[in-house]
Amino acid sequence: MRRIWAIAGVEFNINSPKQLGEVLFDKLGLPVIRRTKTGRSTDEDVLTKLAASHELPAEVLAWRSLAKLKNTYLDVLPTLVNPETGRVHTSFNQTVTATGRLSSSDPNLQNIPVRTELGRRIRESFTAAPGKILVSADYSQIELRIMAHLSGDAELCDSFRRGEDIHARTAALMFGGEAAAVTGEQRRAAKAINFGIIYGMGAYGLSQQLSIDQKQAKEFIERYFERYPGVRVWLDRTIEEARRAGYVETLLGRRRYLPEIASTNRSVAQFAERMAINTPVQGTAADMIKQAMLAIDRELEKEKGTDSFSPRKNRSVPFSQPLMVLQIHDELLFEVPEGEADRLVAMVREKMEGVMRLSVPVKVDVGRGANWAEAH
DNA sequence: CCCTTCACG
DNA sequence: ACGTACGTGAAGGGT
């Protein structure tokens, strides 16, 4: 804080985008990259660009990331430990999202940090009880597999059936050569495109994501559709059907109504078109993991009764029985007695991979450890 | 209470 | 010319 104030030459509230804007844009004369509804944006993307011309933006970014972790997680989570159970309990909301996902609140345990080293140290504080371990089981590239299934694109389906690294394969198809020979840079670009397709991105969005010009981004997208023509057909048909019916559906028939797709305001209609593309993919993944959770719960209940997992019945506080403790969209987290982990992993794998049959394999990655960071 | 920002999938 | 990748929840600022 003192360093930031010294560089700025003025004491101000770093947490106020308004005051920060006055320092960056008025006092220091740095360029305004983007506007918000109410003023000049100072978000991460903007500060990263400004960091090329002044030392202050990088300091503010560092401050922000530390403040976020401290204020949202470090200072709060310890106060939320229930004295009866010794655990932090969240609420899972079943009727909040538009796609069929769960959401988590009070506290949100679906956004615990993981992407930075310091973030992972916060995640380490979620631990298993003595004698138990945490098992994390997450669907591998589930949304791309679902898009392969929904679109039936031959190339995409074959790639998954051959068990290939899908981002490397996409890079090879787009930039030439063998999948084994793609550079890190090419794979990164292919990954951004694979994700972008699921979100209904345009050339502008991709150009921003990859720091390339819009013309080149447009060429990338066209090239993608040349290689995966079935995907383009599916996207077009899905939007067309949404316009006709006024809604889209997941594989299990969950509907999202999109009346705005008929809007004469083009940006409003295009927003609805992106929802029409993303919802069947994200929503089908939500259908799948919910079905898996039910199948796993039934199995755990059954094992509890027949003592395959637990030798004792009717314990009010189950000790030796595996517990499903969290769902994070494509991941399930279990707390399990050490000696029963192998059996649990085999059962969870089978249920998660087999609960909905797709035309491509469904793959689940499993990790285990004394804490959530280790298991993940 | 809304806005901006940023944590996650 | 315009706005521009999906879905969430929480914190702090400012009104």
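We name chains A, B, ... by the order of the sequence lines, and we start the count at 1 in each one.
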Checklist line | Results of ring pair (Phe, Tyr, Trp, His ring centres under 6.0 Å) for A:Phe175 - residues two or more places apart only | finding: A:Phe220
Checklist line | DNA chain C stem ranges, 3 or more consecutive Watson-Crick or G-U pairs under 3.5 angstrom | finding: B:1-9 with C:6-14
Notebook entry, point to check: Can you name the ring pair (Phe, Tyr, Trp, His ring centres under 6.0 Å) partners of A:Phe271, sequence neighbours left out?
Noted result: none
Check: For the side chain of A:Arg123 and the backbone of A:Ile112, is there at least one donor-acceptor N/O pair under 3.5 Å apart?
Finding: yes
Item checked: Whole-Å distance separating the NZ atom of A:Lys191 from the C1' atom of C:dA5 -> 15 Å
Item checked: Those residues of residues 30-53 of chain A lying under 4.0 Å from DNA chain B by at least one heavy atom -> A:Thr36, A:Lys37, A:Thr38, A:Ser41, A:Thr42, A:Asp43, A:Glu44
Notebook entry, point to check: Taking atom P in both B:dT4 and C:dG3, what distance in whole Å separates the two?
Noted result: 14 Å
Margin query: Using a strict threshold of under 4.0 Å (side-chain N to carboxylate O), is an ion pair present between A:Lys302 and A:Glu299?
Written below: yes
Check: Which two nucleotides bound the region of DNA chain B that has atoms under 4.0 Å from heavy atoms of chain A, read 5' to 3'?
Finding: B:dC3 to B:dG9
Next item on the list: Look at the side chain of A:Arg101 and the backbone N and O of A:Ala286, then say whether any donor-acceptor pair between them is shorter than 3.5 Å.
Entry: no
Note to self: Does any part of the side chain of A:Pro322, heavy atoms only, come nearer than 4.5 Å to the side chain of A:Glu335, both counted from C-beta?
What the structure shows: no
Next item on the list: Using the C1' atoms only, state how far B:dA7 lies from C:dC2, rounded to an integer number of Å.
Entry: 31 Å
Checklist line | Check: A:Arg368 and A:His376 side chains under 4.5 Å, non-hydrogen atoms | finding: no
Notebook entry, point to check: Going 5' to 3' along nucleotides 8-15 of chain C, which nucleotides have protein heavy atoms under 4.0 Å from the base (write B), which only from the sugar-phosphate (write S), and which from neither (write -)?
Noted result: SBBSSSS-
Note to self: Taking the basic N atoms (NZ, or NE/NH1/NH2) and the acidic carboxylate oxygens, is any pair closer than 4.0 Å for A:Arg244 and A:Glu241?
What the structure shows: yes
Next item on the list: Using a 4.0 Å heavy-atom cut-off across all strands, classify A:Arg115 as base, sugar-phosphate, or nothing.
Entry: base
Item checked: Test item: A:Arg227 side-chain N/O and A:Leu173 main-chain N/O as donor-acceptor pair under 3.5 Å -> yes
Checklist line | ring pair (Phe, Tyr, Trp, His ring centres under 6.0 Å) pairs, two or more places apart, involving residues 94-152 of chain A | finding: A:Phe126-A:Trp372
Note to self: I'd like to check A:Gln209 versus A:Phe195 (side-chain heavy atoms, cut-off strictly below 4.5 Å). Are they in contact?
What the structure shows: no
Please table the atom pairs, donor to acceptor, closer than 3.5 Å between any side-chain atom in residues 290-297 of chain A and protein atoms at least two apart or in another chain.
residue, atom, partner, partner atom, Å
A:Lys290, NZ, A:Gly100, O, 2.8

Notebook entry, point to check: Below 4.0 angstrom, N of the basic side chain to O of the carboxylate: do A:Glu340 and A:Arg343 qualify?
Noted result: yes
Could you list the donor-acceptor pairs under 3.5 angstrom formed by side chains in residues 3-10 of chain A, with sequence neighbours left out?
residue, atom, partner, partner atom, Å
A:Arg3, NE, A:Glu59, OE1, 3.3
A:Arg3, NE, A:Glu59, OE2, 3.3
A:Arg3, NH2, A:Glu59, OE1, 3.1
A:Trp5, NE1, A:Phe12, O, 2.7

Notebook entry, point to check: Under a 4.0 Å heavy-atom cut-off, which of residues 269-280 of chain A touch DNA chain C?
Noted result: A:Phe271, A:Arg274, A:Met275, A:Asn278
Notebook entry, point to check: Taking 4.0 angstrom as the limit, do A:Lys215 and A:Glu219 come out as a salt bridge?
Noted result: yes
Note to self: In whole Å, I'd like the distance from the CG atom of A:Leu235 to the P atom of C:dC6.
What the structure shows: 14 Å
Item checked: From A:Ile289 atom CD1 to A:Asp138 atom CG, the distance as rounded to the nearest 0.5 Å -> 9.0 Å
Check: Is it true that A:Arg162 and A:Glu155 make a salt bridge, defined as a side-chain N closer than 4.0 Å to a carboxylate O?
Finding: yes
Check: If you look only at pairs with a residue in residues 43-54 of chain A, which of them pass as a side chain to side chain donor-acceptor pair (under 3.5 Å), with sequence neighbours excluded?
Finding: A:Arg34-A:Asp43, A:Asp45-A:Lys49
Check: Which parts of residues 193-215 of chain A get close to DNA chain C, meaning a heavy atom less than 4.0 angstrom away?
Finding: A:Gly196, A:Tyr199, A:Met201, A:Tyr204, A:Gln209
